[in-house]
2 protein chains.
Amino acid sequence: MGLDLEDLEPVSRRSTAAIVADRLRQAIMRGSFPPGTQLGEVELATRLGVSRGPLREAMQRLVAEGLLRSERHRGLFVRDLAADDVRDVYIARTAVERAAALLILAGDRESATLRLTAALATMEAAAAAGDAVALADADHRFHHEFVAAAGSPRLRRMADALLVETRMCLAALQRTAPPAADLVAEHRILRDAVRDGDTDRLVATLEAHMADAVARILDGADLSEGAPDGNLPALPA
Amino acid sequence: MGLDLEDLEPVSRRSTAAIVADRLRQAIMRGSFPPGTQLGEVELATRLGVSRGPLREAMQRLVAEGLLRSERHRGLFVRDLAADDVRDVYIARTAVERAAALLILAGDRESATLRLTAALATMEAAAAAGDAVALADADHRFHHEFVAAAGSPRLRRMADALLVETRMCLAALQRTAPPAADLVAEHRILRDAVRDGDTDRLVATLEAHMADAVARILDGADLSEGAPDGNLPALPA
DNA sequence: GCTCGTATGATTGTCAACAATCCGCGGAAC
DNA sequence: GTTCCGCGGATTGTTGACAATCATACGAGC
């Protein structure tokens with residue numbers, strides 16, 4: 001013991017199903033598969049270089065995560081998120097990140113501040129470079145680090161799943177145009193509130209941050225609940 | 001349209017993997033498989049009457065839900081929950097159910113009250129009959145209905161997963177001996193707070209309810225963080 | 001002209017066999 | 001006596017093929 005080498009253990013310790021699931025998750029997250037598209041098994045299997053067995057296992061995993069929708073003898077489709085889903089994602093994120101905030105304030109504020117500061121620096125760099133994709137990545141990472149700093153594995157897992165859905169929302173309707181400066185400023189406030197241990201400000205800013213995001217996504221978006229055109233085929237039911 | 005027939009649609013619309021997953025989830029929940037036991041694929045497949053293919057898909061689903069732990073070329077094992085996991089489950093449950101509480105109070109209190117009252121009646125019946133298993137089932141159902149009444153699919157899904165883990169905790173260490181009367185009384189307070197729209201009392205009672213539960217489970221339990229005997233082989237890492 | 005039944009093509013669901021990997025045990029070397 | 005090496009048994013990971021099911025297009029009947 002006493003080795004300070006950070007996690008060098010996993011040689012190829014992950015099952016191929018997990019690898020395939022990660023690959024697919026990232027592709028869906030980045031919007032490579034438009035919502036509602038059918039994922040043919042044979043094509044994906046050949047393109048990924050695996051057989052249909054592991055691919056199906058990975059699919060089931062993504063179904064359990066809510067990214068895919070399975071219809072028996074029909075196929076698997078990437079879930080298309082309606083307006084209700086966008087609100088729901090942020091409702092759930094608010095629940096998770098609020099709990100994370102309380103845990104952070106009750107725990108190790110210092111290390112949390114460090115992690116958030118690092119993520120914030122990435123955001124600032126992306127904003128300065130005007131790189132929208134990198135900014136979205138950094139935003140994603142900030143919130144991931146935020147929940148991870150709380151130290152609760154289950155909150156972290158739930159947050160990660162919700163962040164993927166968030167990216168799906170953003171990728172679906174390509175309006176990733178929040179004023180970069182404002183976005184960075186909001187996150188800086190969160191970091192500062194963690195650093196200062198200001199519970200009220202942290203929670204209030206967090207909830208406002210979520211409400212802003214959902215408003216920014218849905219505001220003027222062409223999805224207004226009732227399947228406007230052919231791009232959003234089905235109601236969420 | 002206008003048919004008021006409630007969901008008669010699904011004939012056998014569910015994939016066998018989903019059915020198998022449900023079956024396994026219930027078995028794990030009820031403690032039929034002690035924590036840490038290895039789930040041999042061939043044996044389970046034969047006992048369930050399916051082949052290894054669908055079984056493996058169901059397994060991956062349970063892995064994604066955090067009920068199983070997969071070691072490559074080693075097998076799948078039911079996760080053994082340590083003390084930290086018990087605390088974490090209740091941390092996550094508090095986060096979810098608190099958010100659900102706020103949503104209920106901001107939404108349709110009346111229908112929520114009805115659902116909770118029905119679940120409460122089941123609890124009272126079980127308590128009166130002295131049936132511990134039925135009481136645990138009713139407790140489970142109460143909290144399920146509570147989150148479901150909030151109307152958020154994602155909160156509901158997360159709550160269901162956490163409730164399964166809760167049952168695992170209870171089944172693992174067979175101390176399901178909370179005073180039945182107290183348990184019913186606590187839930188009645190929750191119902192009343194929903195009915196009266198008393199936010200502070202609802203949230204406070206909820207958090208106290210969670211803290212009580214984790215204390216009741218861990219208090220005097222033989223798992224005291226550091227792998228006391230052979231029943232808890234590995235640290236959670 | 002419209003509707004219904006049927007054939008076809010493709011896709012998914014399922015299965016049984018093959019290959020790769022790991023654990024436990026016995027024996028040899030030091 | 002201890003350590004290392006190798007082998008047998010068992011289990012998982014993967015593959016390809018077979019069977020069931022569904023969507024689509026075409027033609028017959030009214």
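Chain letters run A, B, ... following the sequence lines, proteins first, then strands; residues in each count from 1.
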Between [N] atom [atom2] and [X] atom [atom1], what is the distance in whole Å?
| X | N | atom1 | atom2 | answer |
| --- | --- | --- | --- | --- |
| A:Phe77 | D:dC22 | CZ | P | 13 Å |
| A:Arg56 | D:dT14 | CZ | P | 15 Å |
| A:Glu43 | C:dA10 | CD | P | 14 Å |
| A:Leu76 | C:dG13 | CG | P | 7 Å |
| B:Arg72 | C:dA19 | CZ | P | 18 Å |
| B:Gln38 | C:dC22 | CD | C1' | 11 Å |
| A:Glu71 | C:dG13 | CD | C1' | 15 Å |
| B:Leu55 | D:dG13 | CG | C1' | 14 Å |

Practice problem: Name the residue closer to the 5' end of DNA chain C, choosing between B:Gly49 and A:Gly75 according to the nucleotide with the nearest heavy atom. | Solution: A:Gly75

Using the side-chain heavy atoms of [X], tell me which of these nucleotides is nearest: [options].
| X | options | result |
| --- | --- | --- |
| B:Pro54 | C:dC15, D:dA23, D:dG13 | C:dC15 |
| A:Thr16 | D:dT12, C:dC22, D:dG13 | D:dG13 |
| B:Arg74 | C:dC22, D:dG13, D:dC22 | C:dC22 |
| B:Arg52 | D:dT14, D:dT11, C:dT12 | D:dT14 |
| A:Ser51 | D:dG16, D:dG13, C:dT14 | D:dG16 |
| A:His73 | D:dT14, C:dG13, C:dT14 | C:dG13 |

Exercise. Hey, can you tell me if A:His143 and A:His209 have their rings parallel, tilted or perpendicular (30° and 60° cut-offs)?
Key: parallel

Carboxylate-amine/guanidinium proximity below 4.0 Å for [X] and [Y]:
| X | Y | answer |
| --- | --- | --- |
| B:Arg61 | A:Glu57 | no |
| B:Glu165 | A:Arg154 | yes |
| A:Arg93 | A:Asp88 | no |

Self-check item: Comparing A:Gly53 and B:Leu39 on DNA chain D - which has the more 5′ nearest nucleotide
Solution: B:Leu39

Quiz item: Shortest non-hydrogen contact from B:Asp80 to B:Gly36?
Solution: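 The pair with the smallest heavy-atom distance is CB-N, 4.4 Å.
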
